[in-house]
Asker: 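Okay, handing you the structure first.
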Amino acid sequence: MPKSKRDRKVSLTRTPRKGLEAKQALIAELRRCVDTYKYIFVFSVANMRNNKLKDVRNAWKHSRIFFGKNKVMMVALGREPSSEYKENLHKVSKHLRGEVGLLFTNRTKDEVDEWFSKFKEVDFARAGNKATYTVSLDTGPLEQFPHSMEPQLRQLGLPTALKKGVVTLLSDYEVCKEGDVLTPEQARVLKLFGYEMAEFKVTIKFLWNSETGDFQKLVGDTAEEEEEEEEDEDADDSNED
């Protein structure tokens with residue numbers, strides 16, 4: 001006799017079992033860190049580079065850093081006052097948007113501020129980044145490149161040719177102007193010529209104190225503040241209704 005459709009088991013989540021277990025383990029680890037460390041700092045990253053973030057992790061082995069998985073972190077901390085793991089952690093969750101992370105540490109605010117204010121590393125810009133200055137190339141031989149590179153340089157838009165086996169720029173060439181949003185070709189040319197325009201930087205934005213439950217804003221941009229004000233107004237309007 002065929003089984004009734006009513007007997008069919010329906011999964012309450014589309015997440016594969018291994019993925020679900022990994023998320024549950026991350027939630028448990030985040031909550032363990034909440035119970036272990038005195039402070040949680042919310043930080044943002046400009047010009048994210050995995051190798052640079054690894055350097056930060058190595059320097060802060062006495063603490064714990066979580067980056068990415070924003071939605072899972074929000075579940076662990078709690079999105080609303082009614083579901084938050086500890087007092088005011090829903091305020092931390094509110095700011096887990098975009099390229100942000102959490103630093104769990106026993107180091108003081110002053111120690112954290114001092115270290116991260118000094119940690120800045122330049123790297124090559126990527127497509128979509130803005131040029132921080134104008135780059136122009138002068139006519140003449142480009143002896144740093146082997147002759148086999150000439151076709152690639154030409155494909156990138158440079159007016160090049162081989163002269164006596166030497167890659168040569170036939171005319172002055174402006175790679176980019178300050179403020180330009182870089183194309184993939186411009187970013188590649190800048191990298192080939194060694195121009196670094198991107199700065200990997202971590203900005204400490206918010207602080208939560210486990211002993212008092214206090215949540216403190218350290219820095220923020222105007223756009224974010226306006227968005228928060230709109231959200232608060234919407235919440236007030238819904239309460240009035």
Side-chain angles (χ1 to χ4, degrees), residues 16 18-19 22-23 26 42-61 63-73 96-103 114-205 219 221 223:
K18 287 185 178 179
K23 287 182 178 181
L26 178 56
V42 181
F43 63 87
S44 64
V45 177
N47 296 305
M48 174 61 189
R49 301 290 189 272
N50 287 329
N51 62 323
K52 307 295 185 186
L53 186 60
K54 186 177 180 180
D55 291 341
V56 176
R57 291 184 190 277
N58 288 335
W60 286 78
K61 286 183 177 179
S63 306
R64 286 296 305 274
I65 290 175
F66 294 87
F67 186 84
K69 307 287 186 183
N70 288 351
K71 289 183 178 180
V72 180
M73 292 194 290
L96 295 178
R97 293 175 292 184
E99 292 197 322
V100 299
L102 298 177
L103 167 65
E114 182 181 3
W115 193 90
F116 281 97
S117 65
K118 295 177 180 177
F119 186 83
K120 299 175 185 178
E121 294 194 10
V122 293
D123 202 343
F124 296 108
R126 294 175 178 174
N129 291 154
K130 283 189 177 182
T132 54
Y133 51 88
T134 299
V135 174
S136 298
L137 304 175
D138 296 330
T139 305
L142 303 174
E143 297 180 353
Q144 67 268 43
F145 298 114
H147 65 86
S148 59
M149 282 284 293
E150 194 278 327
Q152 182 181 338
L153 294 171
R154 197 161 10 99
Q155 286 180 347
L156 290 170
L158 275 69
T160 58
L162 285 176
K163 288 191 175 183
K164 296 181 180 180
V166 177
V167 180
T168 304
L169 195 63
L170 301 177
S171 60
D172 292 348
Y173 182 77
E174 185 176 80
V175 180
C176 62
K177 288 183 179 179
E178 181 180 352
D180 282 352
V181 176
L182 298 175
T183 65
E185 292 76 18
Q186 288 173 311
R188 177 64 178 156
V189 171
L190 290 171
K191 185 172 183 178
L192 287 171
F193 282 84
Y195 290 97
E196 295 179 313
M197 290 189 176
E199 183 181 70
F200 174 87
K201 181 182 178 182
V202 174
T203 302
I204 304 297
K205 306 187 78 171
V219 298
D221 53 58

Asker: What do you reckon, is NZ of K52 surrounded by more than 12 foreign heavy atoms closer than 6.0 Å?
Answerer: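 Result for NZ/K52: enclosed.
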Asker: Taking side chain as C-beta onward, heavy atoms only, is L170 less than 4.5 Å from K163?
Answerer: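 With C-beta onward as the side chain, the pair touches.
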Asker: I'd like to know whether M48 forms a side chain to side chain contact (heavy atoms under 4.5 Å, CB included) with N50, so could you lay out the CA-CA distance, the side-chain angles of the two residues, the decisive distance to 0.1 Å, and finally the verdict.
Answerer: CA-CA 7 Å; M48 174 61 189; N50 287 329; 3.3 Å; yes
Asker: Using side-chain heavy atoms (C-beta onward) and a distance below 4.5 Å, is L156 in contact with L192?
Answerer: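 They are in contact (side-chain heavy atoms under 4.5 Å apart), so the answer is yes.
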Asker: Is it true that W60 and F116 have ring centroids separated by less than 6.0 Å?
Answerer: yes
Asker: Apply the test side chain to side chain contact (heavy atoms under 4.5 Å, CB included) to residues T132 and Y195: give CA-CA distance (whole Å), side-chain angles for both, the deciding distance (0.1 Å), then the verdict.
Answerer: CA-CA 10 Å; T132 54; Y195 290 97; over 6 Å; no
Asker: At what distance, to the nearest 0.5 angstrom, does CZ of R49 lie from CG of D123?
Answerer: 4.5 Å
Asker: Work out which heavy atom in F66 is nearest to a heavy atom in F43; give both atom names and the distance.
Answerer: O-CZ, 4.3 Å
Asker: Do M73 and N70 make a side-chain contact, defined as non-hydrogen atoms from C-beta onward lying under 4.5 Å apart?
Answerer: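 Contact flag for M73/N70 side chains = yes.
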Asker: Quick one: which of D180, L190, N47 gives a side-chain contact (heavy atoms from CB on, under 4.5 Å) with N129?
Answerer: N47
Asker: Give me the atom names and distance for the closest heavy-atom approach of A131 to C176.
Answerer: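 It is CB-SG, 3.8 Å.
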Asker: Decide yes or no for R64 and R57: does some side-chain heavy atom of the first lie under 4.5 Å from some side-chain heavy atom of the second?
Answerer: no
Asker: Side chains of Q152 and R188, heavy atoms from C-beta outward: is any pair under 4.5 Å?
Answerer: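 SC-SC contact between Q152 and R188 confirmed.
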Asker: Supply the atom-to-atom distance L53 CG to D55 CG, rounded to the nearest 0.5 angstrom.
Answerer: 9.0 Å
Asker: Less than 6.0 Å separating the ring centroids of F145 and F193?
Answerer: yes
Asker: Compute whether any side-chain donor of one residue and acceptor of the other, for T134 and E178, lie under 3.5 angstrom apart.
Answerer: no
Asker: Once rounded to the nearest 0.5 Å, what's the spacing between atom OG1 of T168 and atom NE2 of H147?
Answerer: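 NE2 of H147 is found 13.0 Å from OG1 of T168.
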Asker: Just verifying a value: how many Å separate L103 CG and F67 CZ, rounded to the nearest 0.5 Å?
Answerer: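 The CG atom of L103 sits 13.0 Å away from the CZ atom of F67.
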Asker: Is any side-chain heavy atom of M197 closer than 4.5 Å to a side-chain heavy atom of V135?
Answerer: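 Side-chain contact under 4.5 Å: yes.
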Asker: Around E114, counting heavy atoms of other residues, nucleotides and ligands shown, do more than 12 lie under 6.0 Å from its CD?
Answerer: no
Asker: Is there side-chain contact between I65 and V56, with heavy atoms separated by less than 4.5 Å?
Answerer: yes
Asker: Identify the two heavy atoms, one from S136 and one from E174, that lie closest to each other, and give their separation to 0.1 Å.
Answerer: OG-CG, 3.9 Å
Asker: Got a second to check how far T139's OG1 is from L137's CG, nearest 0.5 Å?
Answerer: 9.5 Å
Asker: Kindly compute the distance separating OG (S44) from NZ (K205), expressed to the nearest 0.5 Å.
Answerer: 4.5 Å
Asker: Looking only at heavy atoms, which two atoms of S171 and P159 are closest? And how far apart?
Answerer: OG-CG, 3.5 Å
Asker: Do the side chains of L158 and L169 get nearer than 4.5 Å, heavy atoms only?
Answerer: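 L169 vs L158: side chains touch.
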